[in-house]
Amino acid sequence: MNGNPRVVYRILDASANRAGEGLRTLEEYARFARDDAEMSAEIKSLRHDLANLMKRLDRDALLAARNVRSDVGTTIQTKSEYQRTDTLDVVVAAGTRVAQSMRCLEEYGKILDPEFSKGIESLRYRVYIVAANIERSLLRDRGTSTADDQSPGDVRTGPQRRDLLAGAMLYALVDVFNTAEKLLSHCDQLTQSGVDIIQLRDKNTDDRTLYERSVVLARRLQSTNTLLIINDRTDIAIAAGADGVHLGQSELPIREARRMLGSDRLIGASTHTIEQVHRAIGDGADYIGCGPVFPGATKSFDHFPGVEFLGQVHSSTVETPRPAFAIGGINEHNIERVLDAGFHRIAVSGAIRDAASPGDAAAALKQRLLDSRRWRAVD
Ligand SMILES: Cc1ncc(COP(=O)(O)OP(=O)(O)O)c(N)n1
Ligand SMILES: Cc1ncsc1CCOP(=O)(O)O
Ligand SMILES: [Mg+2]
């Protein structure tokens, strides 16, 4: 590590203390002002998870680097930092402080321990959700909440969704299952196995069922780092509070869907030719699906752009590249050909759905993607 390690430890020490103090401030509110056991427990869990992650770092080096006396920050004061009109102000300031401190831990932690940094990234997303829930509960109390309180799962902001999308590698398509419980149980396995995006896609169900499953799944996923995308149906994606919609070549035009969805939700687009890639990105798609690559059991095709298309996409000179997911018949036996074409993001259905253990199948695919990304030094 180049430079002065003492500086890095000093920043990490200060950021960890600030994050812990801010979490405690949020926890006191959840516990004593709202009597909310679930919210308190989540914040307490965040504090403990942060403390456990900090154990990965050299404690003595952190303490040795601490130097309060020469900390110029102790004399830099702003008027507003000593003014809090009510608990909402306290909670908003604490939530902001925690998120900013987590970002510092994540960025400077990369110098010492990338795994530490990844752990902090996961905590950061959980902090966004907790802070949004606390703030929204306060706004509801005040009667100033503008959001429809019945809009389930609608707690992520646009930037948070795009943050999660940027790091997404494994995308799973699921159907509605016979019951909501079975769908949720299946998706719990997927989120715990590292699936980054779940798409609810079912051509054999009615609108009401698709909406109801979307609502319960959106609620379930809001406390995870997994995005929920609804296939085809922009209206249901909005109504259910999902993170976005996936549009094929025969669904709503992207620009029309964007008008309905706004910029805070995500739009994915199917592409089968390089011209469609350029058009989808030009029309504002946040990500693209590229395929079908191989024949699969979920959907039949007359034509397969195949791996060659993936190579074209990978080498295309799109001005504003977007996350691109290979899709179509991908499984553990042919994933290497997808990786060799330069892709490190895949969307799958059958490879997980039809596995003896969907969770294990998902975890194995995710590990292949992570290993490939590491060895191929993908940015
Ligand atoms: C991630 C992803 N990529 C492509 C598709 C295919 O969408 P589409 O062409 O609209 O076909 P259907 O899925 O609607 O049959 C997708 N769903 N997801
Ligand atoms: C919906 C869709 N669009 C292109 S391929 C495909 C099916 C993906 O499922 P599987 O991974 O089982 O081939
Ligand atoms: Mg479609």
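Order of appearance sets the numbers: ligands from 1, and atoms from 1 within every ligand. The first residue in the sequence is number 1, and the count goes up from there.
- For atom 1 (C) of ligand 2, the nearest protein heavy atom (residue, atom name, distance) is Arg201 NE, 3.4 Å.
- For ligand 1 and Gly289, the ligand atoms under 4.0 Å from any heavy atom of the residue are 3 (N).
- Ligand 1 lies within reach of Tyr171, whose nearest heavy atom is under 4.0 Å from it.
- Applying the side chain to side chain contact (heavy atoms under 4.5 Å, CB included) test between Phe294 and each of Ile327, Asn331, Val338 identifies Val338 as the sole match.
- In terms of modelled atom types and a separation under 3.5 Å, the side chain of Asp243 and the main chain of Leu228 share a donor-acceptor contact.
- For ligand 2, the polar-atom distance check against Arg353 finds no nitrogen or oxygen pair separated by under 3.5 Å.
- Gln189 meets the side chain to side chain donor-acceptor pair (under 3.5 Å) test with no other residue; sequence neighbours excluded.
- A side-chain donor from one of Arg353 and Thr298 sits under 3.5 Å from a side-chain acceptor of the other.
- For ligand 2, one of its N or O atoms has an N or O atom of Thr298 under 3.5 Å away.
- The count of protein N, O or S atoms under 2.8 Å from the Mg ion (ligand 3) stands at 2, with waters excluded from the count.
- With hydrogens and angles ignored, the 3.5 Å screen pairs a side-chain donor or acceptor of Thr224 with a backbone N or O of Leu221.
- Counting atoms of ligand 2 from 1 in the listed order, those under 4.0 Å from a heavy atom of Val348 are 11 (O).
- Where the criterion is an N or O separation shorter than 3.5 Å, residue side chain and backbone included, Gly329 meets it with respect to ligand 2.
- Atom 6 (C) of ligand 1 has its closest protein heavy atom at Ser270 OG, 3.1 Å.
- Shown in contact with Lys299 at under 4.0 Å from a heavy atom are these atoms of ligand 1, numbered in order with element: 11 (O), 12 (P), 15 (O).
- Near Asp232, with a cut-off below 4.0 Å to any heavy atom, the atoms of ligand 1 are 10 (O), 14 (O).
- For the pair Tyr287 and ligand 1, the shortest N or O to N or O distance does not fall below 3.5 Å.
- Arg345 has its side chain out of reach of Phe343: every pair of non-hydrogen atoms, C-beta onward, lies at least 4.5 Å apart.
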Per-pair distances, 0.1 Å, donor-acceptor, side chain in residues 93-104, under 3.5 Å, sequence neighbours excluded:
residue, atom, partner, partner atom, Å
Thr96, OG1, Val92, O, 2.9
Ser101, OG, Arg97, O, 2.7
Arg103, NH1, Glu107, OE2, 3.2

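- Considering only non-hydrogen protein atoms, atom 11 (O) of ligand 2 sits nearest to Ser349 N, 2.9 Å.
- Using a 3.5 Å distance cut-off with no hydrogens or angles, the side chains of Ser214 and Arg233 do not pair a donor with an acceptor.
- Listed by atom number, the atoms of ligand 1 under 4.0 Å from Gly248 heavy atoms are 8 (P), 9 (O), 10 (O).
- Under 4.0 Å from ligand 2, the heavy atoms of Phe301 that appear belong solely to its side chain.
- Atom numbering of ligand 2 starts at 1 in the shown order; those under 4.0 Å from a heavy atom of Gly350 are 10 (P), 11 (O), 12 (O).
- Looking at ligand 1, you'll find an N or O of Asn231 within less than 3.5 Å of one of its N or O atoms.
- Following chains of ILVMFWY side-chain contacts shorter than 4.5 Å, one cannot reach Leu266 starting from Ile238, and the two form parts of different hydrophobic clusters.
- Close approach to Gln199 involves these atoms of ligand 1, each under 4.0 Å from a residue heavy atom: 1 (C), 2 (C), 16 (C), 17 (N), 18 (N).
- Every atom of ligand 1 is numbered from 1 in the order shown, and the set under 4.0 Å from a heavy atom of Arg201 is 12 (P), 13 (O), 15 (O).
- Among residues two or more places apart in sequence or in another chain, the side chain to side chain donor-acceptor pair (under 3.5 Å) test is passed with Asp286 by Arg162, Arg258.
- Within the 3.5 Å criterion, the main-chain N or O of Phe177 finds no donor-acceptor partner in the side chain of Lys182.
- If you chain together hydrophobic residues whose side chains sit under 4.5 Å apart, Met169 and Val313 fall into the same group.
- Looking only at atom types and distance, the side chain of Asp360 has a donor-acceptor partner in the side chain of Ser357 under 3.5 Å away.
- For the residue pair Thr209 and Asp206, a side-chain donor N or O sits within less than 3.5 Å of a side-chain acceptor on the partner.
- Looking at atom 2 (C) of ligand 2, its nearest protein heavy atom turns out to be Ile327 CD1, 3.8 Å.
- Criterion: ILVMFWY side-chain heavy atoms under 4.5 Å apart, direct or through other members. Under it, Tyr128 and Leu165 are part of a common hydrophobic cluster.
- Each of the following atoms of ligand 2 lies closer than 4.0 Å to a heavy atom of Gly328: 5 (S), 13 (O).
- Under 4.0 Å from ligand 1, the heavy atoms of Lys203 that appear belong solely to its side chain.
- In terms of heavy-atom proximity, Ile267 sits nearest to Ile254 at CD1-O, 3.9 Å.
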